[in-house]
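Beneath this line is the structure, given in structure tokens, with notes to follow.
One-based numbering, in listed order, for ligands and for the atoms of each. This chain uses plain numbering: 1 for the first residue, then up along the sequence.
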Amino acid sequence: MLKKPLILKAENINKQFGSSYVLKEVNLEIGIGQIIGLVGESGCGKTTFARIIAGLETALGGNLFLENINLLAEEKRSKKLKQKIQMIFQNAAGSFNPKYKIIDSLKQASVEHNLPFEPEALFEQIGLSLDLKDRFPHELSGGQMQRAAIARAIACKPSLLIADEPTSALDVSIRRHILNLIKDLRAKQNLSCLIITHDLPSLKGLADYVYVMNNGSIVESGTTEQILNCPQESYTKRLIMAIPSINPADKTFEKFKTLH
Ligand SMILES: Nc1ncnc2c1ncn2[C@@H]1O[C@H](COP(=O)(O)OP(=O)(O)OP(=O)(O)O)[C@@H](O)[C@H]1O
Ligand SMILES: [Mg+2]
């Protein structure tokens, strides 16, 4: 079950684009210091939901509490509120100004929120060599770019980090590094995190709780263990059945697969 107190509570969030309902009565909770996974097929509404939390999209009804503040009731989010929720975008490279050196983008994030800018500590924390600070976004590898995106988010000292597919463009070894980095931030700073991913196995040993979204609705939620090993809904079962067994040594899903 979810740990209290909560950092975020979404209640009955709806969203409509034109005539189509993209989110339908979405309920989701994140406890302070928890890592929560949000999974579901492409186009089911994950990024839209994340953008609503980050204040980049409006919602159609519902409540969204950050601690005890209803974000949807705020006419315009204050700087302080904006600082508290940081998002790592699905396309990390595209979220950086191509004309700015990495260090300048990171500095801008700190300055905007009147926070001290400590590049050495920041680069060290995310495992990025300080030699890269004067590079432009196109001069970084995918893994380096993803680290820079995490650095920019944590430079703002957020209470909640939303990571939208933080590893989908990366190879397996770098993926682990990035996810371990998020785990580390939680351990050291009690950071709360919502991780959106297609990659269900990557949540193993990382997320405390997982929500499964299908066609704009949460169809199932449970501890990561429950969702991966004992899914109840046919949609979740299908998602798990679709995971390729690339590594024959990984028997995580074999038990489930042989039973179905
Ligand atoms: N600004 C927009 N205007 C109209 N439709 C949109 C807009 N943004 C998203 N959509 C639609 O809303 C639906 C949900 O999109 P969303 O990006 O939230 O999906 P997703 O779950 O993040 O998918 P993926 O896993 O591919 O990133 C899709 O059908 C998409 O085409
Ligand atoms: Mg998306």
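- Judged by distance alone, the side chains of T167 and R176 never bring a donor and an acceptor atom under 3.5 Å apart.
- Residues with a heavy atom under 4.0 Å from ligand 1: F17, V22, E41, S42, G43, C44, G45, K46, T47, T48, Q90, H198.
- K84 pairs by the salt bridge (charged side-chain N to carboxylate O under 4.0 Å, His left out) definition with E67, not counting sequence neighbours.
- Within 6.0 Å of the NZ atom in K107, the count of heavy atoms belonging to other residues, nucleotides or ligands does not exceed 12.
- Judged as a salt bridge (charged side-chain N to carboxylate O under 4.0 Å, His left out), and not counting sequence neighbours, the contacts of E57 are K15, R51.
- The distance from the Mg ion (ligand 2) to the nearest N/O/S atom of T48 is not under 2.8 Å.
- For a distance bound of 2.8 Å, the N, O or S atoms of S42 include none lying that close to the Mg ion (ligand 2).
- When every heavy atom of Q86 is checked against every heavy atom of Q83, the shortest pair comes out as NE2-O, 3.4 Å.
- For Q16, the side chain to side chain contact (heavy atoms under 4.5 Å, CB included) test picks out Y21, L60, with sequence neighbours left out.
- No donor-acceptor contact under 3.5 angstrom links the side chains of S217 and E25, judged on distance only.
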